[in-house]
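Each chain gets a letter, A, B and so on, in the order the sequences are listed, and its residues count up from 1.
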Protein chains: 2
Amino acid sequence: MTASRDATGRSLEDYPRPSLAVDTAVLTIKDRALCVLLVRAVDVDDATAWRLPGTFLHPGETLADAVTRSLRDKAGVTGLHPEQLHVFDDPSRDDRGWVLSVAHLEVVRADRIPATAENRLVSASEVPDLPFDHRDIIDFAVEALRRRYESTPDPSDLVDPAEPDGSFTLRELRQTHEAVAGRPLPPDTFRRTMQGSLVDTGRLSLGRRGKPATLFRRLPG
Amino acid sequence: MTASRDATGRSLEDYPRPSLAVDTAVLTIKDRALCVLLVRAVDVDDATAWRLPGTFLHPGETLADAVTRSLRDKAGVTGLHPEQLHVFDDPSRDDRGWVLSVAHLEVVRADRIPATAENRLVSASEVPDLPFDHRDIIDFAVEALRRRYESTPDPSDLVDPAEPDGSFTLRELRQTHEAVAGRPLPPDTFRRTMQGSLVDTGRLSLGRRGKPATLFRRLPG
DNA sequence: GAAATAGTGTCTTTAAGACATTATCCG
DNA sequence: CGGATAATGTCTTAAAGACACTATTTC
């Protein structure tokens, strides 16, 4: 450990520091629409009550750990794969003081989000007014998720598992991707794009109507 | 300004805060190779003396401002377009204390980097041992720059302006892209990919040898 | 003319999209 | 059988890469 002095002779402790927060856009699919999770803030009770789940970074903690902790404590969601998106750093973004926020993206199936009075799912395309820059964070997260879903079959495991073993039909997979993309996708092109990353299980879905569909699984690799 | 208390009744000021730094990979082209700028640290004089230019965030400052300030003060570079890359947050990444670093990418022509004893350009493919996680930051920056150069002609203005008006030949443009990509690029495919984003100036280069080449300019849009 | 460089033509492959057609189930 | 859904075939277009060829300059 060398002397921690800089060019002006000041030590690390002399610098004013910002508060560092994480805010997470938890995206999911509900009723075939891409939705984002809002939580009710505990310290206010007005129009700004709903916001993205977030927290301040604790000592010794990584950003991913802080995201996981905040989702568990504030929304009852056990988030598994937080992805760092961007630091929002406008000095006046939070009127409580100098707070920077590292925005994250988390993706879970809707059935893993507890339906409490403190949790609220809203359509990602019709986000209400939110405090801070939480709307910008949501837009950032939606774009990141759409890129992630462009050429890989359901990388974040959003498909509702109709089959107990987790296999799915191409129709179910496509409807999931359409919800993420926010637009219809041509079925034949979608099939050809995705089929290379899927394994034919040889089994068929118990069709409700029409021809039974082949059940696929993701490629192990 | 509402009461800034959280669920546990603590105010914002009660939270321990990390130090927040910015570190910037300044990429440039020298002798047709992609290079990164290292600066000599003022507080040490050993093998860890060379590192990426960085600084701590000052109150009221944006991250981009801190990058611009650190490049001006530490390397004499007037950086114009810092791009935020990623937050490096390993709690033990800096043995001086709890320091998170927001990594940035800056791209300038080599002639804008002063050739002082405190500045050193090294090949991005043969980076020496560096303190902290500065090597990871460089790798992150190189990947970002390569993506940026994939389908757009010289978006960061690296082409050496042989012509006073800033126009260039396709050969000059391609050699710039080859330096960024770190591999040769097929000339005919490169031409066809880029020509849609270029304007033919109608003028020809004063060729040293061979057929004079058409001079192009970037599309205004 | 020889060397060097610029620029074009053509062929193959691949992938996307549009659209039609066939296949197989349920009622 | 008729409706609904699954799956495939075919055609067009576009773009990349490989490669050969032509064009224009300097030496």
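For the residue pair Ser101(A) / Asp23(A), a side-chain donor-acceptor distance below 3.5 Å is found, with atom types taken as modelled.
Look at CD on Gln195(B): it is 13 Å from P on dA16(D), rounded to the nearest Å. dA15(D) atom P lies 19 Å from atom CG of Leu185(B), rounded to whole Å. In this structure, the CZ atom of Arg209(A) is 5 Å from the P atom of dT5(D), given to the nearest Å. Computed from coordinates, the Met194(B) CE to dG17(D) P distance equals 11 Å when rounded to whole Å. For the pair Asp188(A) CG and dT22(C) P, the interatomic distance rounds to 16 Å; values are reported in whole Å. Arg191(B) has its CZ atom 8 Å from the C1' atom of dT8(C), to the nearest Å. Counting to the nearest Å, the P atom of dG17(C) and the CZ atom of Arg174(A) are 14 Å from each other. For the pair Phe190(B) CZ and dA18(D) C1', the interatomic distance rounds to 18 Å; values are reported in whole Å.
Residue Thr169(B) is out of contact with every strand shown, counting any heavy-atom pair closer than 4.0 Å. Using a 4.0 Å heavy-atom cutoff across all strands shown, Arg171(A) reaches sugar-phosphate atoms only and no base atom. Contact annotation for Arg192(B): base contact, defined as any heavy-atom pair under 4.0 Å involving a base atom.
Considering only side-chain N and O atoms, Thr193(A) lies under 4.0 angstrom from the phosphate OP1 or OP2 of dA16(C). One finds no side-chain N or O of Thr189(A) lying less than 4.0 angstrom from the OP1 or OP2 phosphate oxygen of dA18(C).
For the pair Arg120(B) and Pro128(B), the minimum side-chain heavy-atom distance is below 4.5 Å. With contacts defined as side-chain heavy-atom distances shorter than 4.5 Å, the pair Ile138(A)/Leu130(A) qualifies.
A side-chain contact (heavy atoms from CB on, under 4.5 Å) with Ser70(B) is found for exactly one of Thr55(B), Asp65(B), Leu57(B), namely Thr55(B).
Nearest nucleotide to the side chain of Ala213(B), out of dA6(C), dT8(D), dG17(C): dA6(C). Out of dT24(C), dT8(D), dA16(D), the shortest distance to the side chain of Lys211(A) is found at dT24(C). Listed nucleotides: dT8(D), dT24(D), dA18(D). Nearest to the side chain of Pro212(B): dT24(D).
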What do the steps show when you test Phe216(A) against Leu173(A) for side chain to side chain contact (heavy atoms under 4.5 Å, CB included), and what is the final call?
CA-CA 9 Å; Phe216(A) 291 92; Leu173(A) 182 67; over 6 Å; no

